[in-house]
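A short worksheet on the structure shown next.
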Number of protein chains: 2
Amino acid sequence: MVTVKPAAVKPTPTSSSVEDYVKVIYAFTEWQDKPITSTQLATRLGVANSSVSEMVRKLKDQGLVDHQPYSAVRLTAEGQSLALSMVRRHRLLETYLVQELGYSWDEVHDEAELLEHAVSDTFIERMDAKLGRPSRDPHGDPIPAADGSVTMPAAHRMSQLDPGHSGRITRISDHDPELLRYLDQQRIGLDAPIRVQGRKPFGGALVVRVGTGPAARDFDLTEEVSEALWVSPEGTHPGCTLTRTTLT
Amino acid sequence: MVTVKPAAVKPTPTSSSVEDYVKVIYAFTEWQDKPITSTQLATRLGVANSSVSEMVRKLKDQGLVDHQPYSAVRLTAEGQSLALSMVRRHRLLETYLVQELGYSWDEVHDEAELLEHAVSDTFIERMDAKLGRPSRDPHGDPIPAADGSVTMPAAHRMSQLDPGHSGRITRISDHDPELLRYLDQQRIGLDAPIRVQGRKPFGGALVVRVGTGPAARDFDLTEEVSEALWVSPEGTHPGCTLTRTTLT
DNA sequence: AGTAGAAGTTAGGCATACCGAAACCATACT
DNA sequence: AGTATGGTTTCGGTATGCCTAACTTCTACT
C-alpha cells in the first residue's frame with residue numbers, strides 16, 4: 001500500500017522585500033477591490049518604478065501575482081495567502097506592543113513593520129495565545145486568523161457618510177502617527193459613538209458629534225481626518241458580516 | 001558665546017552582517033582574552049574564509065576592528081561598544097522570551113539571533129524595564145547594561161576544575177539546544193550546587209555531584225558537557241567581582 | 001635553512017534589490 | 001487618424017554579501 005504524502009508545504013523562503021510588496025498589494029485591495037498599478041506600488045514602497053517592474057516580474061515567476069505588461073498587478077491565491085500571513089503578523093505585533101509593552105498606538109506601526117519580517121511562526125503563535133487570540137488590532141483593523149480567514153467589519157469611510165448617519169468608529173488608519181496623536185488628544189478613539197451632523201459649504205469640514213448625551217462633543221474634521229476614520233452602523237458592531245476565507 | 005555640541009552620536013546604520021561579525025568577535029574574547037583569527041571567524045559565522053577577509057576589510061574601514069593582514073582580528077573601542085549593545089539585545093531577548101512568552105531555554109537562541117537585528121532601542125528599553133533590568137540571561141550569561149558596563153561572574157569551566165572543588169553552576173553555554181534539553185531532563189540547572197568528585201581514567205568522564213544532602217545525585221559528564229558548564233566558588237555568587245566598563 | 005602545508009588574501013562571479021535614463025506602449029484629445 | 005503625454009518597461013550600473021579557485025604568506029618540522 002502506498003501512502004500519499006500531502007503536497008509538501010513548500011516553505012519557499014520569502015525575502016522581506018517580497019513580503020513588503022505582497023503586503024502593499026494586498027493592503028490596496030483590502031477595502032475596495034481594485035488591483036494596484038506599478039506607479040502606485042512604487043509610491044507606497046518608496047522605490048523607483050523600474051524597481052517595481054523588476055520585482056513584479058520576480059513575484060510573477062514565484063507565482064505570487066498575476067501580471068500582464070502595462071496592466072495592473074493582482075495577487076494569486078498563493079500571494080493572497082502570503083499577504084494575509086504578513087498582515088496577521090503585523091497586526092498581532094501591533095496589538096502586542098500596545099498591550100504588553102506599553103507602546104502608544106502612534107508608535108507601533110514602524111516597530112511592527114520591522115519585526116514582522118523577523119519573528120518566527122512560533123513567536124506569532126505564542127503572542128496570539130497570550131493576547132487571547134484577538135480579532136482586531138489597536139487601530140481596529142481585523143487580524144486574519146492563522147488559517148487565513150478574515151472577518152471584515154461592515155464599515156464605511158466617514159468622509160463618504162451623509163449627514164444624519166451615525167454609528168461607531170471601528171477603524172482608524174495607522175499611517176500617520178501625527179494624526180493618531182491628534183485623535184488621542186481629542187479623545188476620539190476606537191468604538192466611540194459618532195454621528196454626522198453636516199458639512200460646511202464648498203468642500204469644507206465635516207461636522208461630527210462624538211459621544212452621546214451630555215458628554216457629546218462636536219468636531220470639525222478636515223477631509224484628511226474623515227478619510228482616515230471608518231464607521232460601522234450601530235448594532236453590527238465589533239466585526240461581523242463579511243467573512244472571507246482564502247485557501248492556502 | 002558659542003555652545004559646543006557634544007560630538008554627534010554618529011548613528012551609522014550597521015547592517016545585520018556587520019552586527020553578527022562584531023558580536024562573534026566579541027563573544028570569542030568574552031571569557032578569555034585572545035583575539036580571533038579569520039578561520040575561526042569563518043567557522044563560527046558559517047561563511048567562507050574569503051568572505052571574512054572581505055568583510056574584515058570593511059569593518060576596518062568603518063573603524064570597528066584593528067587588523068593587519070595575516071594576523072588576528074581585534075575590536076576597537078567602537079567595535080566593542082557595538083558588540084556589547086548586540087550582546088545586550090540578544091540576552092535581554094532570550095530572557096524576555098523565556099519569562100514572558102513561555103519559551104524553553106533551548107528554543108530562545110535562534111529566535112533571539114533574528115530579533116536582535118530588528119528591534120528598536122525603544123523596544124529593548126521597554127523589555128528591560130518590564131523584566132526589572134535583569135543582570136543575567138536564562139543561561140547565566142551577564143547582560144551588559146545600557147552604558148556598556150558588564151559584570152562578569154568569577155567562573156571557571158567545569159572541565160578545568162580539580163577534584164574536590166565545589167561551587168554553583170553560573171553559566172551554561174547556549175550553543176547546543178540538544179545539550180540544554182539533556183541538562184533539563186537531568187534537572188541540572190542554573191545555580192545548582194555542584195562538587196567535582198573525580199575523574200575516570202584515561203581522559204574519561206568527570207564525576208560530579210549535583211545538589212547537597214539527601215537530594216544529591218552523581219553524574220558522569222563527558223568532556224562536551226563539562227566544557228559547557230561554568231562554576232563559581234560558593235559565596236561569590238550571582239555575579240560580582242570583575243566589573244569592566246567600555247566607553248562608548 | 002628549506003620547504004610543505006595551513007592560514008589568509010585576491011580575483012572573478014552570482015544573487016538580491018535598488019537606481020536613473022532611455023525606449024516603449026496606450027490612451028485620450030484634437 | 002495622428003500625436004502628445006504619462007505610465008511602464010528595459011537597459012546599464014551600484015552596493016552588499018556571499019561563493020570557488022587561485023595565489024601568497026606564514027609557520028613549524030625536518
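Quantities reported herein were computed from a predicted structural model and do not represent experimental measurements. Note that these values count all heavy atoms, side chains included, but never hydrogens, waters or copies made by symmetry. Residue numbers begin at 1 in each chain, while the letters A, B, ... track the order of the sequences.
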Of all heavy-atom pairs linking A:S159 and A:E223, the shortest is CB-OE2, 4.1 Å
Expected string for nucleotides 17-29 of chain D under the B/S/- scheme (protein heavy atoms, under 4.0 Å, primed atoms plus P, OP1, OP2 as sugar-phosphate) is BBBBB--BSS---
B:D61 CG to D:dT16 C1': how many Å, rounded?
14 Å
What does A:T37 touch in the nucleic acid at a heavy-atom separation under 4.0 angstrom: a base, only the sugar-phosphate, or nothing?
sugar-phosphate
Under a 4.0 Å threshold between the charged nitrogen and the carboxylate oxygen, would B:E125 count as salt-bridged to B:K130?
no
Under a 4.0 Å N-O cut-off, is there an ion pair linking A:R126 with A:E100?
no
Check this for me: does any side-chain nitrogen of one of B:E94 and B:R91 sit under 4.0 Å from a carboxylate oxygen of the other?
no
Flag side-chain contact, heavy atom, 4.5 Å: A:L221 against A:L229:
yes
Quick one: how far along DNA chain C does chain A reach, first to last nucleotide 5' to 3', anything under 4.0 Å to a heavy atom?
C:dA17 to C:dC25
Kindly check if the number of other-residue, nucleotide or ligand heavy atoms within 6.0 Å of NE2 (B:H117) is above 12?
yes
Heavy atoms under 4.0 Å, any strand shown: does B:T39 hit a base, just sugar-phosphate, or nothing?
sugar-phosphate
State plainly whether the residues B:E116 and B:K23 are in salt-bridge range, i.e. N to O under 4.0 Å.
yes
Test side-chain hydrogen bond (donor to acceptor under 3.5 Å, both in side chains) applied to A:R74 - qualifying residues, sequence neighbours left out
none
